[in-house]
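Keep in mind that this is a model prediction, so the values were computed, not measured.
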Amino acid sequence: ESERMKQSQSVEILERYIRARYPIVAINSYEESRVLAGIDEVAKNRVMQVYEWSFVTGFTQRTREGFGEPVIDPDQTVDPALALNAVYQFDANAQATLFVMKDLHGILGGKDRPNPKISRFLRDIASRFEISRHSLILIAPEFQIPSDLEKTIAIMDWSLPDIEELTEILKKAEDDLPNGIPVTLNGNRDQVVQAMRGLTKFEAESVLLSGIVATRELGAGVIPFIIKEKAQIIRKSGVLEYFDTSVTMKDVGGLKPLKTYASRKRVAFSSAARDAGLDSPKGVLLVGVPGTGKSLSAKAIAGMFQMPLLRMDVGALMGGLVGQSESNTRLALKTAEAIAPAVLWIDEIEKALGGGGGEHDGGTSKRVLGTILTWMQEKTAPVYIIATANDISALQPELISRFNNVFFVDLPNREDRIEILKVHLSKRKQDPEKFDLDEVATALWGYSGREIETVVNTALETAYYEGKKPTSKYLLSAASEIVPVMITMSEKIEAIRAWSKTSQALQASEPLELKPQAKAQKGSRKADL
């Protein structure tokens with residue numbers, strides 16, 4: 001077995017490009033060493049020689065038995081223009097060669113400021129290589145391909161380490177353990193490998209070794225450490241946020257139909273469900289009034305599924321450079337796939353992917369939307385998407401249709417309001433039985449879950465300030481100080497409700513009951529009509 005780890009999928013795609021005589025291939029990856037190992041594998045399979053270039057070394061030949069001395073002088077090819085000229089002048093009938101250039105993305109320029117000299121060289125090289133067995137491979141963390149090269153260069157993403165590679169990393173760490181460090185995996189080998197998913201080879205090796213150093217053993221104890229380190233690495237990338245899924249359905253008041261739905265989807269993720277012919281669940285869109293528990297439900301569903309929760313902030317993906325937003329989006333989706341099974345949470349999706357944009361951002365938001373739509377349609381990895389939206393009118397129909405189901409989350413009804421009150425009182429060390437929750441829930445008609453939480457918090461704060469025990473009176477008083485969302489956003493709420501009745505949307509809870517009539521005051525005069 002070669003020391004190089006198998007990277008079958010990416011190697012297969014690259015070899016397909018080389019066999020199809022693609023003259024120039026650009027590979028997006030932060031892992032030069034893994035990509036070069038894959039290129040070596042392709043070169044061995046295709047009986048090709050490999051020249052590797054950087055600003056520091058110029059062109060050097062990656063040595064392998066069976067090939068002669070280098071024919072390109074490294075000292076004369078440090079300058080990128082001279083390096084590209086050497087590639088252009090290379091004998092078309094010489095031994096089939098792969099030219100690998102690692103630093104070219106820095107001077108390629110991109111769509112906004114293309115480098116005409118470099119672009120011309122690449123187009124001329126492509127023209128020559130179309131009729132030879134040579135290919136040029138560019139490696140970079142991300143490429144901004146100039147418009148005049150879009151039809152010339154094939155772009156591919158190099159996949160992150162799969163289960164097989166991560167298992168090799170774990171085995172190597174086990175073989176290299178210092179004396180006195182015990183192996184106590186006891187059947188937890190798969191869990192350790194799963195914990196490392198979504199990391200580069202270097203990151204996986206680093207966090208595993210850090211976990212061993214911290215716990216003084218190679219066992220299940222490294223898993224929480226790996227997950228903690230992994231969360232930091234994912235946050236550092238800036239394209240996804242790793243959330244702790246300690247929130248449970250007990251923290252969500254009401255929404256019984258949505259909870260039942262989540263329980264059903266959880267079962268559908270199992271391998272037994274695949275064997276029974278069930279499709280892997282794709283995702284759910286939660287639409288409704290602000291403050292009704294959509295984001296909380298997303299966290300609770302991830303907790304129920306016992307999966308990592310990754311939040312995609314589409315606004316943060318939007319980079320200043322042309323092409324950067326699409327590149328960030330691809331990286332985020334690739335990371336989510338690598339960590340799978342996982343829940344990908346896109347909060348307030350309409351703000352970033354609503355109308356498709358394009359008028360004021362050069363079409364960036366349209367391209368980002370297109371990238372996400374294509375991925376949602378074609379993904380095979382078990383990534384469950386939970387998107388939340390407050391304004392359905394801003395969403396494209398083709399985006400809505402990508403989800404298995406759409407739920408309308410209305411203002412909580414009386415039963416749900418009582419449950420929400422119990423949740424928030426219990427969280428704050430209060431006994432719900434000591435409050436007249438029927439009376440309080442009636443007074444809170446038209447309030448959102450977030451507003452009910454504010455009422456509870458304000459009531460307890462006021463009682464504490466006055467040095468008294470909290471009572472229903474304090475809750476009623478706090479409620480009277482808030483103008484509920486039912487009044488402040490009445491037109492918007494009615495519009496969402498009207499949409500939910502004419503669409504395929506499911507109801508996340510029983511509908512809001514009619515507003516309770518105010519009791520007539522004793523001794524009040526009534527007109528005799």
Hey, mind stepping through I169 and V193 against side-chain contact (heavy atoms from CB on, under 4.5 Å) and telling me if it holds? CA-CA 9 Å; I169 290 171; V193 170; over 6 Å; no
Walk me through whether L411 and R497 qualify under side-chain contact (heavy atoms from CB on, under 4.5 Å). CA-CA 10 Å; L411 292 168; R497 279 183 183 153; 4.1 Å; yes
Strictly distance-based, threshold 3.5 Å: is any side-chain N or O of T388 a donor or acceptor partner for the main-chain N or O of E348? yes
Show, in sequence, the C-alpha distance, side-chain angles and deciding distance for R417 and E513, and conclude whether the salt bridge (charged side-chain N to carboxylate O under 4.0 Å, His left out) test is met. CA-CA 11 Å; R417 293 197 298 277; E513 78 278 12; 2.7 Å; yes
Could you state the interatomic distance from CZ (R266) to CE (M304), rounded to the nearest 0.5 Å? 6.5 Å
Taking E398 first and then R402, would you say they form a salt bridge - that is, a charged N and a carboxylate O separated by under 4.0 Å? no
Provide the closest heavy-atom pair for T184 versus G219 in the form atom of the first, atom of the second, distance. OG1-CA, 3.4 Å
Evaluate whether atom CD of E510 has more than 12 neighbouring non-hydrogen atoms of other residues, nucleotides or ligands under 6.0 angstrom away. no
Heavy-atom donor-acceptor pair, N405 side chain to V284 backbone, under 3.5 Å: no
If every non-hydrogen atom of D416 is compared with every non-hydrogen atom of S509, which pair is closest and at what distance? OD2-CB, 3.4 Å
Pair L475-F435, side-chain contact (heavy atoms from CB on, under 4.5 Å): steps then yes or no: CA-CA 9 Å; L475 290 170; F435 296 82; 3.6 Å; yes
Closer than 4.0 angstrom, basic N to acidic O: yes or no for K259 and E419? yes
Between S477 and T462, is any pair of side-chain heavy atoms under 4.5 Å apart? no
side-chain contact (heavy atoms from CB on, under 4.5 Å) assessment of L399 paired with L373: CA-CA 7 Å; L399 177 61; L373 287 175; 3.7 Å; yes
If you draw a 6.0 Å radius around NZ in K473, do more than 12 non-hydrogen atoms from other residues or ligands fall strictly inside? no
Charged N to carboxylate O below 4.0 Å: is that the case for D347 and K294? no
So which of I420, I482, V455 actually passes side chain to side chain contact (heavy atoms under 4.5 Å, CB included) with L444? V455
What are the two closest heavy atoms between G283 and Y261, and how far apart are they? O-OH, 4.3 Å
Within a strict 4.5 Å, meaning less than it, do heavy atoms of the L310 and E241 side chains meet? no
Under 3.5 Å, side chain of Y384 to main-chain N/O of F305, donor-acceptor pair present? no
Whether over 12 other heavy atoms sit under 6.0 Å from K427 NZ: yes
Has the side chain of T215 got a donor or acceptor atom that lies under 3.5 Å from a matching backbone atom of G221? no
Mark yes or no for whether T374, through its side chain, and T371, through its backbone, hold a donor-acceptor pair below 3.5 Å. no
Is M486 close to E494 at the side-chain level, that is, under 4.5 Å between some pair of heavy atoms? yes
More than 12 foreign heavy atoms under 6.0 Å from CG of D431: is that the case here? yes
From I223 atom CD1 to M196 atom CE, the distance as rounded to the nearest 0.5 Å: 10.0 Å
Under a 4.5 Å cut-off applied to non-hydrogen side-chain atoms, are V456 and Q430 in contact? no
Mind checking the CZ-CD1 spacing from R330 to I155? Nearest 0.5 Å is all I need. 6.5 Å
Check ion pair E461-R428 (N to O, under 4.0 angstrom): no
Separation between CG of L437 and OG1 of T442, rounded to the nearest 0.5 Å: 10.5 Å
Kindly compute the distance separating CD1 (I301) from CG (L309), expressed to the nearest 0.5 Å. 10.0 Å
Can you tell me if E451 uses its side chain to pair, donor with acceptor, with the backbone of V485 under 3.5 Å? yes
E481 versus T458, closest heavy-atom pair with distance: OE1-CG2, 4.1 Å
Quick check: closest heavy atoms across P257 and A508, and the distance to 0.1 Å? CD-O, 3.2 Å
Check whether any side-chain heavy atom of W445 sits under 4.5 Å from a side-chain heavy atom of L512, and report yes or no. yes
Considering only heavy atoms from C-beta outward, does the side chain of I385 approach that of K379 to under 4.5 Å? yes
Surrounding CD of E415 (heavy atoms of other residues, nucleotides or ligands, distance under 6.0 Å), is the total greater than 12? no
Would you say the side chain of S295 lies within less than 4.5 Å of the side chain of W345, judging by non-hydrogen atoms? yes
I need the L460 CG to Y474 OH distance, nearest 0.5 Å. 11.0 Å
Do L218 and L208 have side chains that approach each other closer than 4.5 Å (heavy atoms only, starting at C-beta)? yes
Counting N and O atoms only, with roles assigned by atom type, does the side chain of R34 sit under 3.5 Å from a partner on the main chain of S159, one being a donor and the other an acceptor? yes
For P161 and L199, which heavy atoms make the closest approach, and how far apart are they? CD-O, 3.1 Å
